[in-house]
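Owing to the predicted nature of the structure, the values given are computational and were not obtained by experimental measurement.
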Amino acid sequence: MNISAANNMEYLASAMNMRHLKQSNVVSGSSDSVDFKQLLSKVDLEGVRDGISKKYGLSVGLEAIPKNEEEIVRRGKSGGMMDVMIAPSIAEKMIGDPALRAKVEGYIDYYSNVERPGFERTDKMYGITTVASSLIIHEDGTRTVWSASVTSPEEVEKGKKN
């Protein structure tokens, strides 16, 4: 073997060893274990979201919406809310807390089977149309129902006459 080939082999071995060391650091780094836990948490939360969506046939978002009425109205007007909005901290707790899960699913069941149909009945009685509504589960586990509606031109005219 000539000196040039030996040097190339030594360089190649050294480069392979450095690459191995870099890969080992990536696998064993402490920040990566946090990233993996975050990934698992995200997958779990998406499972909660998707399970609720499938069970009730509603769109579900995971985001902490403040109780502030102005913020809720602003978000609703901008179209930034799904049928059900759940604070991520609540969705995370639902994974291991069957009582909380039952409470939140009770909220959703009542919203989808009582409140939303109620909006439709009211719409028909008063000539209005609900254009958006959301059930919001806040970080403290309380709920808010938000809805927006428009009035038909006929009903507007009736209101002007009275």
Under 3.5 Å: donor-acceptor pair, side chain of [X], backbone of [Y]:
X	Y	value
Ser134	Met82	yes
Tyr56	Val84	no
His138	Ala87	no
Asp109	Glu105	no

Inter-residue atom distance [X].[atom1] - [Y].[atom2], 0.5 Å rounding:
X	Y	atom1	atom2	answer
Met94	Arg49	CE	CZ	13.0 Å
Leu62	Ile86	CG	CD1	6.0 Å
Tyr126	Arg121	OH	CZ	12.0 Å
Leu100	Glu92	CG	CD	11.5 Å

Holding to side chain to side chain donor-acceptor pair (under 3.5 Å), I want the full list of residues that pass it with [X], two or more places apart in sequence or in another chain.
X	answer
Thr122	none
Asn68	none
Asp50	none

Inset, instruction - In plain terms, say whether Arg75 and Glu70 are close enough for a salt bridge, that is, a side-chain N and a carboxylate O under 4.0 Å apart. - result: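 Here Arg75 does not pair with Glu70 in a salt bridge, since their nearest N and O are not under 4.0 Å apart.
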Inset, instruction - In plain terms, say whether Glu120 and Arg116 are close enough for a salt bridge, that is, a side-chain N and a carboxylate O under 4.0 Å apart. - result: no
Inset, instruction - Please name the pair of heavy atoms, one in Gly76 and one in Trp146, separated by the smallest distance, quoted to 0.1 Å. - result: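 The pair with the smallest heavy-atom distance is CA-CH2, 3.3 Å.
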Inset, instruction - Show your working on side-chain contact (heavy atoms from CB on, under 4.5 Å) between Ser149 and Thr129 and close with a plain yes or no. - result: CA-CA 5 Å; Ser149 56; Thr129 302; 5.9 Å; no
Legend entry - Single hit among Arg143, Glu63, Met81 for side-chain contact (heavy atoms from CB on, under 4.5 Å) with Ile136: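 Option passing the side-chain contact (heavy atoms from CB on, under 4.5 Å) with Ile136: Met81.
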Inset, instruction - Please say which of Val60, Thr144, Thr142, Ile90 ends up in a side-chain contact (heavy atoms from CB on, under 4.5 Å) with Ile137. - result: Ile90
Inset, instruction - Decide yes or no on side chain to side chain donor-acceptor pair (under 3.5 Å) for Asp83 and Ser59, but give the supporting numbers first. - result: CA-CA 5 Å; Asp83 295 328; Ser59 62; 3.3 Å; yes
Inset, instruction - Please step through side-chain contact (heavy atoms from CB on, under 4.5 Å) for the pair Leu135 and Ile108, ending with a clear verdict. - result: CA-CA 7 Å; Leu135 168 65; Ile108 297 167; 3.8 Å; yes
Legend entry - Non-hydrogen side-chain atoms of Ser112 and Leu58 separated by less than 4.5 Å: yes
Legend entry - same_hphob_cluster(Ile95, Val104) at 4.5 Å side-chain heavy-atom cutoff: yes
Inset, instruction - Given side-chain contact (heavy atoms from CB on, under 4.5 Å), test Tyr111 with Ser133 step by step and report yes or no. - result: CA-CA 10 Å; Tyr111 172 72; Ser133 68; 2.8 Å; yes
